[in-house]
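Computation of the quantities below employed the complete heavy-atom set of this structure, encompassing side-chain atoms and omitting hydrogens, waters and symmetry-equivalent molecules.
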Amino acid sequence: MSTPSRGALLFTTGGASVNPAQGSPEFANIAIAGAALRSWVLKLHQVTEGTGVYASHLPLSVWIGTGGPETQPDTIARHYWDLYTKREGAEHHYTAL
């Protein structure tokens, strides 16, 4: 993955992994797991920075496909593509307006 300097590891969780108060109580268990994954990915980003491997966390605060264009899969996919091509930063929270 590091040889061609194009490897990318993009990890997705729900927005409650960043802000537990944002999620519904019934999602508390997955928010805890997501927060742990988030912590690991942020450290992975730090360790792989400058190696050609890009690691980033993408918490999604959106119900996919339930609203306007910003909730549609194609729109969210463009966000992932931008992250892959720009390779900037360890975390990019996606929030539908």
* Please round to the nearest 0.5 Å and tell me the distance separating atom CD1 of Ile76 and atom CD1 of Ile64. => 4.5 Å
* Quick one: do Trp40 and Ile30 end up in the same hydrophobic cluster if we chain Ile, Leu, Val, Met, Phe, Trp and Tyr together by side-chain heavy atoms under 4.5 Å apart? -> no
* **Any His92 side-chain heavy atom under 4.5 Å of Asp82 side chain** => no
* **Shortest non-hydrogen contact between Thr75 and Glu70, atoms and distance** => CG2-CA, 4.0 Å
* Structure fact -> Taking every heavy atom of Ala96 against every heavy atom of Thr71, the minimum-distance pair comes out as CB-CG2, 3.9 Å
* To do: Ignoring hydrogens and angles, tell me if any N or O in the side chain of Thr51 forms a donor-acceptor pair with the backbone of Val53 under 3.5 Å.
  => yes
* Counting only N and O atoms by type, is there a donor-acceptor contact under 3.5 Å from the side chain of Ser39 to the main-chain atoms of Ala36? -> no
* Asked: Between Pro59 and Gly14, what is the shortest heavy-atom contact and its length?
  -> CB-O, 3.9 Å
* Cluster link Val18 to Val62, ILVMFWY, side chain under 4.5 Å -> no
* **Within-4.5 Å side-chain heavy-atom neighbours: Ser61 and Gln22** => yes
* To do: For residues His93 and Thr95, report the shortest heavy-atom separation together with the two atoms involved.
  => CD2-OG1, 3.5 Å
* Asked: What are the two closest non-hydrogen atoms of Arg87 and Ala8, and how far apart are they?
  -> NH1-CB, 4.2 Å
* **Interatomic spacing from CG in Leu37 to CG in Leu42 - rounded to 0.5 Å** => 9.5 Å
* To do: Have a look at His57 and tell me which of Thr12, Val41, Leu9 forms a side-chain contact (heavy atoms from CB on, under 4.5 Å) with it.
  => Val41
* Close side-chain approach of Tyr54 and His45, heavy atoms under 4.5 Å -> yes
* Could you label the plane-to-plane angle of the Phe27 and Trp63 rings as parallel, tilted or perpendicular, counting under 30° as parallel and over 60° as perpendicular? => tilted
